[in-house]
Structures are given as C-alpha cells and as structure tokens.
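Working notes for the structure below.
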Amino acid sequence: MRILGIETSCDETAIAIVSGHDDTLTVEESFVFSQVDIHEAFGGVVPEVAARHHLIKLGSMLAKHVPKDGKGIDAIAVTAGPGLAPALRIGVETAKTLAWMWNKPLVPVSHLEGHIYANWIGDAVPELPALCLIVSGGHTELIVMKNHGEFERIGETLDDAAGEAFDKVAQMLGLGYPGGPKIEKLAADGKNDAFDFPRGLMDREDFDFSFSGLKTSVMYKLRELESAPAADIAASFQEAVVDALITKTKMAANEIKPASILLAGGVAANKVLRGRLEMLGKELQIPVFVPPFAYSLDNAAMIAAAGCFRARDEKNVANPLTVVADPNLDFA
Ligand code: KG4
Ligand code: ZN
C-alpha cells in the first residue's frame, strides 16, 4: 500500500509518500516546510498566520511532488487533530478534495498517533504492548499501546507540556523560538547540577507530570541572580525535565512490564533524553525505540505511517465528505 500523508497541525507544512509491506514501512518521499522563521518574530505560533502559509505552501508542494491524477497512490492519510484549528483545516480540506477527486480512501489520523508511528519508520518493528512517552510542544503523556490502533493513556501533564517548558525557559533566556534545540545547544556548555530545580509530582505514585513549577523556579532564579550563568541554567533545567520524564517512565515500565518502550514527539529530538531513555532500557532490559532523528519533529511520513496501519481496518477509512478537523481530537 502506498499512502500520501498530509500534516498541517501546527507550523510545519508537510507531505510524504510512504509504502507499507506487512509491518515494515519505507518512506519514498518526505518534504517539510518549516514556518519557524515566520513565527519567530511573534515569539510563538500564530494560528491564522500558520494557516495562511499552509494554504500557500501545501498546494505548491503537492503540485510539484504528487501526480495530478493520484496515480500510484492507494490512500490518503491526514492529521485531523489535535492542533491549531485554522491550521488543521487546510490539510483536512485539501485531503478531502484529493480523496473525492481521485476516488481514494481517506484516513484521518491523530497527530500523536503519528508521532508514535514514527518509530516504525525504517527497519524497526517494535514489539507490543509498548509503553510510549510522548513529549511534544503541546503534549506530555504516557500511553500504553496494546495493539495497533489500541491505546490507553496512563499519565499526562497537569499543566505545561515538556516542549512548552523548553520554549518558555528559552524565551526567559532570550534564546528565541523554538526553544528546545537552543536550550540543548546552550546546555552542552553548562553544569547540569549547578541548580537544583524542582521535579514536579515525583512524590506521587501516579504517572502524571507537572512542569509549571519548574518554569517558575527558573524565572525566580534568573531574577535573583544578577548575571545568571545561562549555560548552567539551561543544563540544570534540561536535567530536571529529563529526570522527571525518565523517573515516571521507569515507574510505569515497572508496573506495565511492556515488551518495548517508545519515545515520540518533538522533544524526542533531544539527545540527552534519547540517551537517558536508552540507558533506562538497558537497566530494565526492555528494548527502547527512538524515532529516526528526521522524523522526531513534525512531518508527514509519520502521519502516512499511522495511516498505513489504520487503513487495514475498514472502519478507520472515512467518507471524505464527512471528515472534520478537530483541534481536541483524542486517540486514547
Ligand atoms: O512534535 P513537535 O515538533 O510539535 C508539536 O506537536 O508540538 O514538538 C515541538 C516541540 C517544541 O516545543 C520544541 O521546543 C521541542 O519540541 N523540541 C525540543 C528539541 N527539538 C524540538 N525540545 C528539546 N530538545 C530538542 N532538541
Ligand atoms: Zn508534533
């Protein structure tokens, strides 16, 4: 099966063609246009601005890389949510039009399910049940993937997402948007034990997270110190986030005893987090999967990948004219 994937949930306009044979997926083509430079001036993503640029870019990307008559494409997968409503709508309405025109099945996909399926791209075939740590700009969740299409949420952030905390602390340090990669780069020159920032909810036995206290603590520290050593602040903050994520993942893994642990979402691009999760896997003797670096951040290959699995079940294939973008779409 060859699937065209379309992703416009936030500030990346992306299309991809993925072919699936049994459980193995091959990315034939993947194109991502990042709007980061456009939104940097605003200090964050402006939904209407994102939608306008998706509109301009998506049409030209499709015209350039996809046959006009849809020849060779068996189905279309599109991110239906969660995300920014005006941005999602551009991808969904475009996908509906193509599916209707080409008379091809349309598979609406959750953006978060897409992030999880980035782990199937390449040669990896993770064993199920899997414990999935999703860490993105809008979500921080622990999900048990019991089977393909069968997910259960066992923990989530009660306030900020991990990526959001990276972005906010980067803003406090004057590093710009998006903050994650900038904090990671700066942290490489700092001491990760210079400041003992709080790890939220560590005394609780559930699998929930909290990052707003950490963010506030960084803010007070910056106010308190006249000339704050930015690299030490970045490294100690990153350490607190990673520590909280790994601690709760370990607790969950000990209880669930999954066949594998998967990392997913934009923060999965963070090398310290990737390394620490791999160490946890060795300690617990559970195989750990991290998505290929190129497919950690938002892309359409992961959406097509999820679509490949979803399309196997007839009930996941929608009548194109009934699909609606849902900014709060839930999948677990
Ligand atoms: O999944 P994603 O691309 O978009 C959403 O679905 O939200 O995640 C974006 C988030 C941003 O908050 C960004 O700062 C964070 O991922 N991020 C990182 C790194 N690269 C991106 N956070 C930490 N370290 C990184 N290297
Ligand atoms: Zn994402």
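Since this is a predicted model, take the numbers as computed values, not measurements. When a ligand or atom number is given, it counts from 1 through the structure's own listing order.
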Worksheet entry | At the Zn ion (ligand 2): angle between D298 atom OD1 and H115 atom NE2, to 10 degrees |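 About 100° at the Zn ion (ligand 2).
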Find all atoms of ligand 1 within a distance of less than 4.0 Å from any non-hydrogen atom belonging to [X], and give their numbers and elements.
X    : value
E184 : 24 (N), 25 (C), 26 (N)
G138 : 7 (O)
G163 : 12 (O)
G137 : 5 (C), 7 (O), 8 (O), 9 (C), 10 (C), 12 (O)

Discussion item. Measuring from atom OG1 of T13 to atom CG of L58, what distance do you get when rounded to the nearest 0.5 angstrom?
Written reply: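 With rounding to 0.5 Å, OG1 (T13) is 7.0 Å from CG (L58).
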Given the side-chain rings of [X] and [Y], with only the six-membered ring counted for Trp, is the space between their centroids under 6.0 Å?
X    : Y    : answer
F237 : F166 : yes
F31  : H65  : yes
F331 : F151 : yes
H148 : Y117 : yes

Fill in: Main-chain N/O of S212 paired with D159 side-chain donor or acceptor, under 3.5 Å
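Yes, D159 side chain to S212 backbone: donor-acceptor pair under 3.5 Å.
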Discussion item. Would G266 count as a polar contact of ligand 1, with the cut-off being nitrogen or oxygen pairs under 3.5 Å?
Written reply: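 Among all N and O atoms of G266, at least one is under 3.5 Å from an N or O of ligand 1.
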Discussion item. Considering I183, T79, D167 one by one, which has a heavy atom nearer to atom 13 (C) of ligand 1 than any of the others?
Written reply: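 Looking at heavy atoms only, D167 sits closest to atom 13 (C) of ligand 1.
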Discussion item. Between R89 and H54, does the side-chain contact (heavy atoms from CB on, under 4.5 Å) criterion hold? Intermediate values first, please.
Written reply: CA-CA 10 Å; R89 259 181 235 131; H54 286 315; over 6 Å; no
Discussion item. Taking 2.8 Å as the cut-off, does H139 contribute an N, O or S atom near the Zn ion (ligand 2), distance below it?
Written reply: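 For H139, the answer is no, given that no N, O or S atom comes within less than 2.8 Å of the Zn ion (ligand 2).
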Discussion item. Let me check your reading of the structure: within less than 2.8 Å of the Zn ion (ligand 2), is there an N/O/S atom from C10?
Written reply: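 No.
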Practice prompt. Could you see which bit of H139 sits under 4.0 Å from ligand 1, with heavy atoms only: side chain, backbone, both or neither?
Written response: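 Near ligand 1, H139 shows nothing, with every heavy atom at 4.0 Å or more.
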Identify the protein heavy atom lying closest to [atom], giving its residue, its atom name and the separation to 0.1 Å.
atom                    : answer
atom 18 (C) of ligand 1 : G180 CA, 3.4 Å
atom 4 (O) of ligand 1  : D298 OD2, 3.1 Å
atom 24 (N) of ligand 1 : N270 ND2, 3.0 Å
atom 15 (C) of ligand 1 : V267 CG2, 3.9 Å

4.0 Å heavy-atom contact, [X] with ligand 1:
X    : answer
C10  : no
E12  : no
H111 : yes

Fill in: Connected via hydrophobic side-chain network under 4.5 Å: I17 and V107
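The answer is no; the residues belong to distinct hydrophobic clusters.
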Fill in: F211 and F209 aromatic ring geometry - parallel, tilted or perpendicular at 30°/60° bounds
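Geometry flag for F211 against F209: parallel rings.
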Item to complete: Using the ring of F207 (Phe, Tyr or Trp, six-membered ring only), decide whether K248 places NZ or CZ under 6.0 Å from its centre and within 45 degrees of its axis.
Response: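 No.
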Worksheet item: If we only count heavy atoms from C-beta on, is the I6 to T79 side-chain gap below 4.5 Å?
Response: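 Counting from C-beta outward, I6 and T79 never come under 4.5 Å.
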